[in-house]
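Accompanying notes for the structure given below.
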Amino acid sequence: MKFSEYPYHTIDVKQAKDTLVKIEKRLMSAEDYASFKQAFKDLDAYKKELYTQFSLCEVRHTIDTRNEYYKKEQEHIDEIAPILQEDLVRISNVILESPYRKELEKEIPSTYFLAKEFDKKCFSPDIIEELQKENQYSSQYQQLVASAQIEFEGKKRTLSELEPFMKASNRSMRKKATKAYWGWFEKHEEELGKIFDSLVKIRTKMAQKLGYKDYTEMGYYRMYRFDYTKEDVQTYRKQVLDTVVPVTTSLFARQQKRLGLDALYAWDEKVEFQSGNPTPKQDARTMVEIALHMYKELDKDTGKFFQFMVDHELMDLESKPGKAAGGYCTSFDTYGAPFIFANFNQTSSDVETLTHEAGHAYQAYASRDIFPSDCIWPTSESAEIHSMSMEFLTYPWMKDFFKEDTRKFYFQHLSDAIKFLPYGVLVDHFQHEIYAHPEYTHTKRMETWRKLEKMYLPHKNYDEIVVLERGGWWMRQLHIFMDPFYYIDYTLAQVCALQFWSRAQKRDPNTLKDYKKICKLGGSLPFRKIVQAANLKSPFEEGCLNETMKEVQNALNAITDEELQ
């Protein structure tokens with residue numbers, strides 16, 4: 001069955017609640033472990049069906065946010081999901097307190113119980129209304145950004161469609177495109193600021209109702225931070241500031257010199273080379289064909305996985321009007337099928353997104369038989385190891401996408417991986433400040449971003465783009481609106497992925513074996529144990545960043561600027 005043939009139906013909230021209540025009663029009245037486990041298995045099967053319908057709606061809505069049917073369905077799900085969450089949390093409590101729990105613990109991953117304990121800490125029927133509003137505000141942000149239509153070069157374009165112009169080798173073109181891009185955000189600044197203010201206030205209200213001082217502690221429980229704390233993250237951010245920022249500052253200085261510029265402005269940052277950035281030489285269909293060949297050569301299991309994705313049409317890759325921004329991977333667990341969503345725009349990010357989301361998809365595919373299905377996906381910082389590492393593990397095949405630009409791609413991709421780390425921790429630091437001070441005005445939030453930006457990204461030069469000089473960059477970062485405290489996960493995973501890159505460069509025969517092992521583990525272990533299972537060093541470990549930075553610097557220094565022109 002292909003994606004287009006997967007049946008979707010509206011979730012009747014009364015019927016869903018009735019089904020869950022019946023299962024709850026069976027769990028509570030079970031006379032022996034066998035009947036308890038059967039009820040538990042039936043609960044898992046029903047949740048798989050429920051979340052498959054949620055995912056089908058999300059995908060079809062984000063593919064075309066103008067589709068009225070799926071727009072209304074998404075609004076319906078935004079409303080009923082918190083209502084059903086009340087039942088699911090209550091049922092989880094029954095399982096946690098059951099006399100059969102110890103027997104169940106012998107058969108399923110410990111992360112299941114950790115997650116359910118955390119769910120208890122961040123849910124109460126008292127916050128259902130706030131959860132519904134949070135969903136509504138998040139959807140408003142996504143809808144607003146997806147609606148962007150910017151007149152540029154004789155055609156109306158989405159934000160994603162402007163990006164190739166922002167990376168043009170012609171400086172005046174990219175300056176014009178960059179101004180048009182940020183002009184849209186400046187024009188909609190008041191609306192974006194109000195949406196975010198509503199989200200901060202509603203999240204703070206939820207946290208306070210649950211007895212927390214502010215949203216941060218609740219946010220960590222929602223993100224399932226099983227084995228590290230905000231203090232660990234704070235220490236890690238300090239390591240990035242001390243160890244990585246000097247490296248990235250030197251990379252930006254090298255970029256400016258390589259481009260022959262008197263200063264590196266906002267419209268120059270996306271361009272690494274005078275002759276232009278590396279670009280894939282194919283259309284989306286051909287890139288998928290190349291990827292299929294690549295994954296078959298990488299390993300028989302990855303080949304089988306990607307053939308499955310192609311055969312079932314489980315990818316929507318090209319940018320088009322009305323399509324939501326960004327890229328993601330989700331899954332339809334009833335069918336054991338992942339799905340890749342992207343916005344190709346004929347830049348190197350097409351290939352990066354394809355391999356990144358394929359890393360997520362392969363993990364979901366490799367661990368799809370894990371029981372219960374709650375443990376198929378790991379927590380987000382672990383999940384990003386799979387995606388970011390896949391970008392590096394596919395390096396040998398980049399020549400098929402980039403041809404004469406391959407060497408430039410290697411340099412840019414590795415350089416970007418390092419440049420990303422300070423930005424990623426900046427997003428995290430900003431959110432900690434914002435949720436510690438929910439009373440901040442929009443202006444104060446802008447000032448806070450700019451102050452932190454000068455710490456982590458001291459090279460930034462926003463001449464002529466006033467909204468950025470005032471601190472407006474964060475308004476484009478979807479995660480800040482929709483997935484609070486998520487972003488640090490990318491940086492933690494990147495440090496792990498760079499270790500896989502290092503091992504691959506050294507031709508460590510166990511590199512792919514260890515990667516496949518943690519994909520198959522799915523969410524059955526917490527972050528630190530997954531890192532240990534992959535034979536990697538934890539990003540929190542002292543000296544980990546020093547060692548990683550030295551190896552990356554050596555690799556980048558081995559490529560001269562002369563050969564990159």
Quiz prompt | Test: Lys323 cationic atom under 6.0 Å from Phe341 six-membered ring centre, within 45° of axis | solution = yes

Self-check item: Ile434 and Trp474, any side-chain heavy atoms less than 4.5 Å apart
Solution: no

Self-check item: Spacing of CD belonging to Glu352 relative to OG1 belonging to Thr394, to within rounding of 0.5 Å
Solution: 10.0 Å

Quiz item: Does the distance from a Lys or Arg side-chain N to an Asp or Glu carboxylate O, for Glu105 and Arg101, drop under 4.0 Å?
Solution: yes

Quiz item: Quick one: are Leu521 and Lys529 in side-chain contact, heavy atoms under 4.5 Å?
Solution: no

Quiz item: Can you check whether Phe339's main-chain N or O pairs, donor with acceptor, with Thr330's side chain at less than 3.5 Å?
Solution: no

Quiz item: Does CD belonging to Gln307 count more than 12 external heavy atoms closer than 6.0 Å?
Solution: yes

Practice problem: Look only at the side chain of Asn67 and the backbone of His61, and say whether a donor-acceptor pair between them is shorter than 3.5 Å. | Solution: no

Quiz item: Would you say the side chains of Tyr487 and Gln431 form a donor-acceptor pair under 3.5 Å?
Solution: no

Practice problem: Can you measure from CZ (Arg222) to CG (Asp483) and round to the nearest 0.5 angstrom? | Solution: 9.5 Å

Quiz prompt | Within 6.0 Å of NZ in Lys201, more than 12 heavy atoms from elsewhere | solution = yes

Practice problem: Verify whether one side chain among Thr10 and Glu73 offers a donor that lies under 3.5 Å from an acceptor in the other. | Solution: yes

Practice problem: Using distance alone, with no hydrogens and no angle criterion, decide if Arg203 and Tyr137 have a side-chain donor and acceptor under 3.5 Å apart. | Solution: no

Quiz item: Between Gln234 and His432, is any pair of side-chain heavy atoms under 4.5 Å apart?
Solution: no

Quiz prompt | Ring-face cation contact, Phe308 with Arg368, 6.0 Å cut, 45° max | solution = yes

Quiz prompt | Pair Phe305 + Tyr362: ring centers closer than 6.0 Å | solution = yes

Quiz item: How far does NZ of Lys516 sit from CG of Asp301, to the nearest 0.5 angstrom?
Solution: 3.5 Å

Quiz item: Salt bridge between Asp197 and Lys194, side-chain N to carboxylate O under 4.0 Å?
Solution: no

Quiz item: Near Glu542 CD, under 6.0 Å, is it more than 12 heavy atoms from other residues, nucleotides or ligands?
Solution: no

Practice problem: Give a yes or no on this: more than 12 heavy atoms of other residues, nucleotides or ligands lie within 6.0 Å of atom CD of Gln85. | Solution: yes

Practice problem: Locate the shortest heavy-atom distance separating Lys537 from Gln499; write the atom from each residue and the value. | Solution: N-OE1, 2.7 Å

Quiz item: Could you state the interatomic distance from OG (Ser349) to NE2 (His356), rounded to the nearest 0.5 Å?
Solution: 12.0 Å

Quiz item: What's the verdict on side chain to side chain contact (heavy atoms under 4.5 Å, CB included) for Tyr328 and Val59, showing C-alpha distance, side-chain angles and the deciding distance?
Solution: CA-CA 10 Å; Tyr328 64 79; Val59 171; 3.6 Å; yes

Exercise. State plainly whether the residues Asp18 and Lys14 are in salt-bridge range, i.e. N to O under 4.0 Å.
Key: yes

Quiz item: Does Arg225 count as lying over the ring of Phe527, i.e. NZ or CZ under 6.0 Å from the six-ring centre, within 45 degrees of the axis?
Solution: no

Quiz item: Does the side chain of Glu357 come within less than 4.5 Å of Met315's, by heavy atoms?
Solution: no

Quiz item: Side-chain donor-acceptor pair under 3.5 Å between Glu58 and Thr62, yes or no?
Solution: no

Quiz item: So does Glu31 have more than 12 non-hydrogen atoms from other groups sitting under 6.0 Å from CD?
Solution: no

Quiz item: Sub-3.5 Å donor-acceptor pair from the side chain of Thr204 to the main-chain atoms of Asp214, do we have one?
Solution: no

Quiz item: Step by step, would you call Glu297 with His293 a side chain to side chain donor-acceptor pair (under 3.5 Å)?
Solution: CA-CA 6 Å; Glu297 286 199 340; His293 172 75; 3.2 Å; yes

Self-check item: Presence of salt bridge, Asp64 and Arg66, under 4.0 angstrom
Solution: yes

Quiz item: Hey, are Ser380 and Asp489 close enough side-chain-wise for a donor-acceptor pair under 3.5 Å?
Solution: yes

Quiz item: Any ion pair linking Asp333 and Lys48 (charged N to carboxylate O, less than 4.0 Å)?
Solution: no

Quiz prompt | Arg60 and Tyr8 side chains, donor-acceptor separation under 3.5 Å | solution = no

Quiz item: Counting only heavy atoms not in Lys17, do more than 12 fall under 6.0 Å of its NZ?
Solution: yes

Quiz item: Can you check whether Asp299 reaches Leu512 side chain to side chain, under 4.5 Å on heavy atoms?
Solution: yes

Quiz item: When you measure from the side chain of Asn135 to the backbone N and O of Gln132, does any donor-acceptor pair fall under 3.5 Å?
Solution: no

Quiz prompt | Donor-acceptor pair, side chain of Asp44 and main chain of Ser373, under 3.5 angstrom | solution = yes

Quiz item: Looking at side-chain heavy atoms only, is the closest gap between Phe401 and Asp350 below 4.5 Å?
Solution: no

Quiz item: Checking ring-ring contact (aromatic ring centres under 6.0 Å, His included) for the pair His312/Tyr335: CA distance, chi angles, key distance, verdict?
Solution: CA-CA 11 Å; His312 295 267; Tyr335 306 105; 9.3 Å; no

Quiz item: Between Ser35 and Asp32, does any side-chain donor sit less than 3.5 Å from a side-chain acceptor?
Solution: yes

Quiz item: Quick one: OG on Ser124 to CD on Glu86, what's the gap to the nearest 0.5 Å?
Solution: 8.0 Å

Practice problem: Enter the distance from Tyr224:OH to Trp377:CH2 here, rounded to the nearest 0.5 Å. | Solution: 15.0 Å

Exercise. Might you confirm whether atom NZ of Lys116 has over 12 heavy atoms from other residues, nucleotides or ligands at distances under 6.0 Å?
Key: yes

Practice problem: Could you tell me whether a side-chain N or O of Asp227 sits under 3.5 Å from a main-chain N or O of Arg528, the two making a donor and an acceptor? | Solution: yes

Quiz prompt | Tyr423 and Thr491, any side-chain heavy atoms less than 4.5 Å apart | solution = no

Exercise. Please determine, by modelled atom types, if Gln53 and Glu49 share a side-chain donor-acceptor pair under 3.5 angstrom.
Key: yes

Quiz item: Can a salt bridge be assigned to the pair Glu433 and Arg237 using a cut-off of 4.0 Å between side-chain N and carboxylate O?
Solution: no

Quiz prompt | Lys213, NZ: over 12 other non-hydrogen atoms inside 6.0 angstrom | solution = no

